[in-house]
Amino acid sequence: MERHGSEMNNTIEKLIKYHELTKEEYVELLESSDKAGIVNCLAKEAVKLRMKYYGKKVYTRGLIEFTNYCKNDCYYCGIRRSNRHADRYRLTKEEILECCRNGYKLGFRTFVLQGGEDPWYTDEKIVDIICSIKQEYPDCALTLSIGEKSFESYRKYKEAGADRYLLRHETACESHYKMLHPKEMSLKERKACLYNLKELGYQVGAGFMVGSPKQTLSDIADDLIFLKELNPQMVGIGPFIPHSDTIFASEEAGNLNLTLFLLSIIRIILPKVLLPATTALGTIDPKGREKGLSVGANVVMPNLSPLTNRKKYDLYDNKICTGEEAAECISCLAKRVESIGYELVNERGDALY
Ligand code: SAH
């Protein structure tokens with residue numbers, strides 16, 4: 001840790017020892033994302049922690065993007081309701097089960113049902129889908145990622161057998177949240193959903209986009225403080241990538257190095273967290289996912305959606321892996337993971353806490 005200046009050395013030591021910093025300290029640390037010595041030091045510590053708890057294992061989650069209809073209008077998102085160019089689709093229960101069958105044969109033991117907030121799928125329909133998947137694959141974990149719902153709806157899904165829920169908080173700063181979302185959406189509600197999910201016993205995933213429009217380092221510090229407070233089992237972060245049919249079309253994409261730095265920091269803040277190297281990270285850099293795994297991430301989420309719909313779940317421009325069958329995706333990923341000395345495993349990969 002030589003040559004960082006003694007104050008920064010203290011901050012780094014404090015982060016490693018106590019897994020937490022003050023807001024001012026986080027901001028100061030984030031200002032160092034271009035200092036190789038500091039970045040490498042935290043990456044080394046992050047890898048040490050991931051090795052301690054998870055070894056060289058990389059868990060896979062089979063992502064099934066089952067609808068791109070959405071009643072929300074998040075300004076950054078390509079499937080937002082007001083994007084008239086989006087070519088909308090919904091998968092039937094049978095089509096979803098077919099994705100699971102295909103995935104199971106390929107070794108997946110976690111399925112993630114993700115979609116826009118689509119009221120066509122009533123609670124009754126969602127519960128029926130959950131029950132069917134859990135009946136056919138009792139040995140698999142089922143994750144939902146279908147947005148903000150009532151406590152009662154979350155309760156029904158949990159009772160039907162859902163194990164986990166991904167709901168990124170997107171940004172933990174109230175004023176920044178307002179810049180990214182229409183006025184009918186609120187950070188308060190988003191956070192309340194996350195706490196409800198925890199209370200119901202879900203393994204919960206939160207997270208945010210790196211470099212979303214108008215994001216400051218102070219906002220990211222708020223994200224880190226919120227993550228520590230929520231203590232989720234999973235954290236999904238990836239760079240913001242502009243979508244050409246949104247008002248943010250000409251904004252810059254999030255920065256690779258800052259995203260990698262944040263993966264290391266999040267591994268240190270929450271040592272046992274399940275941390276994916278996301279598709280968005282693989283989109284801004286051809287080796288993005290490998291780089292993410294090399295600095296603390298331990299999960300990948302290949303796509304199991306039918307090839308015909310793949311391109312239509314168009315959250316941001318140039319999304320990778322929209323032209324390959326799931327089998328091709330997984331063998332490509334397995335090779336990528338091996339190339340950096342890690343090992344793709346066919347396990348549920350439940351959280352350690
Ligand atoms: N409707 C669900 C799923 C949203 S899509 C929900 O509300 O949780 C999953 C994630 O993709 C979002 O949480 C968001 O963080 C990310 N995303 C959306 N648009 C993006 C963009 N333009 N660039 C990068 N990530 C984006």
Side-chain angles (χ1 to χ4, degrees), residues 61 63-83 86 88 90 112-121 126 143-149 153-154 157 164-172 176-177 179-182 184-187 189-194 196-197 202 204-215 219-220 223 227 232 234-256 258-259 262 276-285 288 301 303 305 312-320:
R61 314 319 193 180
L63 190 60
I64 302 167
E65 299 156 337
F66 71 100
T67 173
N68 70 350
Y69 282 85
C70 193
K71 70 178 168 73
N72 284 339
D73 216 18
C74 308
Y75 299 151
Y76 46 84
C77 184
I79 63 168
R80 58 191 299 230
R81 136 186 113 219
S82 60
N83 181 9
R88 308 283 173 175
R90 292 184 176 110
V112 182
L113 289 183
Q114 189 178 84
E117 286 194 21
D118 181 359
W120 185 87
Y121 293 90
I126 295 287
T143 307
L144 300 178
S145 180
I146 54 176
E148 298 174 22
K149 305 274 176 177
S153 297
Y154 287 151
Y157 309 156
R164 307 177 186 152
Y165 206 105
L166 303 178
L167 186 78
R168 289 187 177 179
H169 63 279
E170 313 296 359
T171 173
H176 186 229
Y177 194 94
M179 294 178 207
L180 302 181
H181 300 94
E184 61 272 19
M185 293 181 74
S186 80
L187 177 60
E189 184 55 35
R190 197 89 180 160
K191 285 185 174 177
C193 286
L194 284 162
N196 286 343
L197 289 161
Y202 283 93
V204 171
F208 59 94
M209 289 175 289
V210 180
S212 56
K214 307 273 189 322
Q215 185 186 53
D219 297 333
I220 299 178
D223 289 320
L227 286 176
M234 306 164 281
V235 171
I237 67 158
F240 159 76
I241 303 174
H243 186 291
S244 48
D245 291 321
T246 64
I247 53 165
F248 293 147
S250 53
E251 296 285 334
E252 241 177 82
N255 179 276
L256 171 73
L258 182 58
T259 308
L262 279 162
T278 56
T279 306
L281 186 57
T283 298
I284 59 158
D285 184 289
M301 301 177 71
N303 205 314
S305 312
K312 299 180 189 167
Y313 197 79
D314 189 21
L315 304 177
Y316 46 79
D317 290 344
N318 306 316
K319 192 172 163 214
I320 54 166

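In listed order, ligands and their atoms are each counted from 1.
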(message) Are Tyr121 and Phe66 an aromatic pair, judged by ring center distance below 6.0 Å?
(response) yes
(message) For the residue pair Asp73 / Ser82, report whether a side-chain donor-acceptor contact shorter than 3.5 Å exists.
(response) yes
(request) State whether the shortest distance between N or O atoms of Arg190 and N or O atoms of ligand 1 falls below 3.5 angstrom. (result) yes
(message) Is there a polar contact, in the sense of an N or O pair closer than 3.5 Å, between Ser145 and ligand 1?
(response) no
(request) Could you tell me the residue and atom name of the protein heavy atom closest to atom 15 (O) of ligand 1, and the distance to it rounded to 0.1 Å? (result) Glu170 OE1, 2.7 Å
(message) Checking side chain to side chain contact (heavy atoms under 4.5 Å, CB included) between Phe208 and each of Arg168, Gln215, Glu170, which is the one that passes?
(response) Gln215
(request) Look at atom 25 (N) of ligand 1 and say which protein heavy atom is nearest, naming residue and atom and giving the distance to 0.1 Å. (result) Met209 SD, 3.5 Å
(message) Within ligand 1, which atoms have a heavy atom of Leu167 less than 4.0 Å away?
(response) 8 (O)
(request) Compute the shortest N/O to N/O distance between Ile241 and ligand 1 and return yes if it is under 3.5 Å, no if not. (result) yes
(request) Considering only non-hydrogen protein atoms, determine which one is nearest to atom 16 (C) of ligand 1 and report residue, atom name and distance to 0.1 Å. (result) Arg168 NH1, 3.7 Å
(request) Specify the closest pair of heavy atoms between His243 and Asn83, including all atoms of both residues, with the distance to one decimal. (result) CE1-ND2, 3.9 Å
(message) Please list, in number order, the atoms of ligand 1 under 4.0 Å from a heavy atom of Cys77.
(response) 19 (N)
(message) So which atom in Glu117 and which in Gly147 form the shortest heavy-atom distance, rounded to 0.1 Å?
(response) OE2-CA, 3.4 Å
(request) State whether the side chain of Arg90 and the backbone N or O of Tyr69 hold a donor-acceptor pair below 3.5 Å, judged by distance alone. (result) no
(message) Any non-hydrogen side-chain atom of Arg61 less than 4.5 Å from a side-chain atom of Pro276?
(response) no
(message) What protein heavy atom lies closest to atom 11 (O) of ligand 1? Include the residue and the distance to one decimal.
(response) Leu315 CD1, 3.5 Å
(request) Compute the ring centroids of Tyr154 and Tyr165, then answer whether they are less than 6.0 Å apart. (result) yes
(request) Answer yes or no: is there a donor N or O on one side and an acceptor on the other, between the side chain of Asp118 and the main chain of Thr67, under 3.5 Å? (result) no
(request) Indicate, as side chain, backbone, both or neither, the part of Pro239 found under 4.0 angstrom from ligand 1 when only non-hydrogen atoms are considered. (result) backbone
(message) Quiz question for you: does at least one protein heavy atom lie closer than 4.0 Å to atom 4 (C) of ligand 1?
(response) no
(request) Mark the output for Ala253 as yes if a heavy-atom distance to ligand 1 is under 4.0 Å, and as no if none is. (result) no
(request) Give the residue, atom name and distance (to 0.1 Å) of the protein heavy atom nearest atom 19 (N) of ligand 1. (result) Tyr76 CD1, 3.4 Å
(request) Specify the protein heavy atom at minimum distance from atom 9 (C) of ligand 1: its residue, its atom name, and the distance to 0.1 Å. (result) Gln114 NE2, 3.6 Å
(request) Kindly give the heavy-atom pair with the smallest separation between Lys214 and Asp219, and that separation in Å. (result) O-OD2, 3.7 Å
(request) Report the nearest protein non-hydrogen atom to atom 2 (C) of ligand 1: residue, atom name, distance rounded to 0.1 Å. (result) Gly115 O, 3.4 Å
(message) With a heavy-atom distance limit of 4.0 Å, tell me whether His243 approaches ligand 1 through its side chain, its backbone, both, or neither.
(response) neither
(message) So, 4.0 Å and heavy atoms of Met185: is ligand 1 close enough to count as a contact?
(response) no
(request) Report yes or no: does Gly207 have a heavy atom closer than 4.0 Å to ligand 1? (result) no
(message) Could you report the tightest heavy-atom contact between Thr283 and Tyr316, atom names first, then the distance?
(response) OG1-CE1, 3.8 Å
